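Report on the structure given below.
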There are 2 protein chains.
Amino acid sequence: MSLLLSKKSEYAIQSLLYLTLTKKGLAVTAADIADHLQIPKEFVSKILQELTNSGFIESRKGKGGGFLLGKNPKEIYLIDVVKAIQGNDVFEGCVLGFPGCSDEYPCAVHSSWIKLLNDTKKMLGSRNLHQLAHKTVVKFDAIRNKLI
Amino acid sequence: MSLLLSKKSEYAIQSLLYLTLTKKGLAVTAADIADHLQIPKEFVSKILQELTNSGFIESRKGKGGGFLLGKNPKEIYLIDVVKAIQGNDVFEGCVLGFPGCSDEYPCAVHSSWIKLLNDTKKMLGSRNLHQLAHKTVVKFDAIRNKLI
DNA sequence: AATAAATCAGACTTTTAACTCTGATTAAAA
DNA sequence: TTTTAATCAGAGTTAAAAGTCTGATTTATT
């Protein structure tokens with residue numbers, strides 16, 4: 001896990017970016033995604049299921065099936081994905097772990113932390129899949145060519 | 001765990017703040033700290049041991065023993081504690097989980113993430129125990145009086 | 001010297017995140 | 001209609017973080 005996101009969130013975002021880059025209307029299998037992202041197929045399948053349930057993607061069963069984006073990639077922001085995967089209250093709570101920390105009863109670093117948190121939320125809330133997808137092509141290439 | 005720190009780090013910082021507020025030269029027992037912080041005694045004992053090994057505090061064995069700060073609280077910055085507990089590479093790694101993410105081979109949000117990370121490090125790197133301790137008295141009071 | 005009160009060390013357990021497996025279902029194509 | 005290739009659902013496993021327990025050691029006090 002990075003400092004901010006769980007592995008699940010990371011893989012969810014990577015998968016969505018991959019789906020954004022595939023031809024519209026064409027279903028991509030979990031195996032294909034797992035292969036291109038170099039992550040476990042079974043795990044990514046679970047995550048794709050969750051993303052289906054939360055409406056980010058659609059699934060097609062049976063032969064020729066797979067997954068495709070369920071919305072316009074311009075309307076899927078990183079923060080939406082993170083909240084769907086990690087829960088709506090990921091961004092709550094005191095940094096120092098003190099109970100009942102709030103603007104009224106702040107801990108010693110409360111205001112600075114709130115600023116950092118707002119910046120983080122602003123960052124995740126202003127980047128959508130459409131903006132990020134083409135910048136990610138090079139990453140997918142590097143993984144495929146085992147440059148990493 | 002909050003977005004940034006592990007429970008261990010949180011309790012470590014809380015314990016150090018508590019020790020900063022106690023009379024110089026007087027050892028405080030793990031039980032006392034656990035009680036005032038309302039966290040498990042055995043767990044905090046483990047953490048205090050680690051903090052002893054990394055030189056933040058000193059321990060006195062036997063009757064009348066306990067723990068006390070090993071350095072000047074003006075010289076203990078939050079980031080030092082976090083690195084000691086969570087490891088030096090806490091602040092490494094790609095937010096989106098892509099391998100080999102760097103300035104040369106950035107992911108789609110690399111530069112924004114580096115900025116957030118630097119702000120975070122700056123925050124943790126500029127607050128020492130001395131600055132924070134007195135602002136924390138009210139938190140300890142609230143916990144003791146079960147106001148929370 | 002005995003007792004009491006503390007840390008110390010390390011094994012153990014629980015919980016949560018990460019990951020795996022299996023069998024059922026669905027649907028296209030032969 | 002049978003086969004093949006996919007998702008679906010949910011149980012199971014593993015690894016890491018969080019938390020507990022126990023027994024040994026240390027040291028001040030009686």
Side-chain angles (χ1 to χ4, degrees), chain A residues 1-15 19 22 25-35 37-70 82 84-87 89-90 93 97, chain B residues 1-15 19 22 25-35 37-68 70 82 85-87 89-90 93 97:
Chain A
M1 150 146 77
S2 102
L3 212 53
L4 183 61
L5 307 182
S6 68
K7 277 248 166 294
K8 246 182 173 176
S9 288
E10 291 179 1
Y11 293 162
I13 292 170
Q14 292 187 15
S15 300
L19 289 176
T22 57
L26 221 65
V28 179
T29 68
D32 185 40
I33 296 175
D35 190 44
L37 265 48
Q38 293 279 75
I39 58 184
K41 174 184 177 306
E42 286 79 12
F43 193 32
V44 90
S45 295
K46 272 267 104 151
I47 295 167
L48 290 167
Q49 247 175 266
E50 285 187 37
L51 290 174
T52 305
N53 292 333
S54 44
F56 292 103
I57 60 180
E58 282 169 18
S59 78
R60 287 194 190 153
K61 289 186 184 182
K63 194 168 180 177
F67 299 88
L68 13 68
L69 277 192
V82 175
I85 298 283
Q86 306 201 35
D89 53 353
V90 225
Chain B
M1 152 146 76
S2 103
L3 213 50
L4 183 60
L5 306 182
S6 67
K7 278 247 166 293
K8 246 182 174 177
S9 288
E10 291 178 2
Y11 292 162
I13 293 170
Q14 292 187 15
S15 301
L19 288 177
T22 55
L26 222 65
V28 180
T29 69
D32 184 39
I33 296 175
D35 189 46
L37 265 47
Q38 293 280 74
I39 58 186
K41 174 185 176 306
E42 287 79 12
F43 194 33
V44 90
S45 296
K46 275 267 104 147
I47 295 167
L48 291 168
Q49 250 176 263
E50 285 188 36
L51 290 173
T52 305
N53 292 333
S54 43
F56 292 103
I57 59 180
E58 282 170 18
S59 76
R60 287 193 189 153
K61 291 186 182 180
K63 192 166 180 179
F67 299 89
L68 13 69
V82 175
I85 298 282
Q86 307 202 36
D89 53 352
V90 226

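To find a chain, count down the sequence lines: A is the first, B the second, and so on, and within it residues start at 1. Please read all numbers here as calculations on a predicted model, not as lab measurements.
Regarding Gln38(B), its CD atom lies at a distance of 16 Å from the C1' atom of dG19(D), rounded to whole Å. Distance NZ (Lys8(A)) to C1' (dC19(C)): 11 Å, rounded to an integer number of Å. We find that CG of Leu68(B) is positioned 11 Å from P of dT7(C), with the value rounded to whole Å. Lys7(B) places its NZ atom 21 Å from the P atom of dA16(D), with the value rounded to the nearest Å. We find that CG of Leu19(A) is positioned 11 Å from P of dT7(D), with the value rounded to whole Å. The CZ atom of Phe43(A) sits 16 Å away from the P atom of dT14(D) (whole-angstrom rounding). Rounded to an integer number of Å, the gap from Asp32(B) CG to dT7(C) P is 10 Å. Between the C1' atom of dA6(D) and the CD1 atom of Ile57(A) lies a distance of 14 Å, rounded to the nearest Å.
Interatomic distance, OG1 of Thr52(A) versus CD1 of Ile47(A), reported as 11.5 Å (0.5 Å rounding). One finds the CZ atom of Phe67(A) at 9.0 Å from the CG atom of Leu19(A) (value rounded to the nearest 0.5 Å). With rounding to the nearest 0.5 angstrom, the OG1 atom of Thr22(B) is 8.0 Å from the CD1 atom of Ile33(B). Leu5(A) CG to Leu3(B) CG: the interatomic distance, rounded to the nearest 0.5 Å, is 8.0 Å. Leu68(B) contributes atom CG, which lies 8.0 Å from atom CG of Leu26(B) (distance to the nearest 0.5 angstrom). To the nearest 0.5 Å, atom CG of residue Leu51(B) and atom OG of residue Ser59(B) are 11.5 Å apart.
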For a quick check, with a 4.0 angstrom heavy-atom cut-off, what is the B/S/- contact string for nucleotides 25-30 of chain D, read 5' to 3'?
-BBB--
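Residues from residues 44-52 of chain B with heavy atoms under 4.0 angstrom of DNA chain C, sorted by number: Lys46(B), Gln49(B).
Residue Ala30(A) is classed as a sugar-phosphate contact, given heavy-atom separations below 4.0 Å to backbone atoms only.
For the pair Glu50(B)/Phe56(B), no side-chain contact is recorded, criterion being any heavy-atom separation below 4.5 Å from C-beta on.
Of the residues Val44(B), Ile85(B), Ile13(B), the one that meets the side chain to side chain contact (heavy atoms under 4.5 Å, CB included) test with Lys8(B) is Ile85(B).
Without hydrogens or angle criteria, Gln14(A) side chain to Leu37(A) main chain gives no donor-acceptor distance under 3.5 Å.
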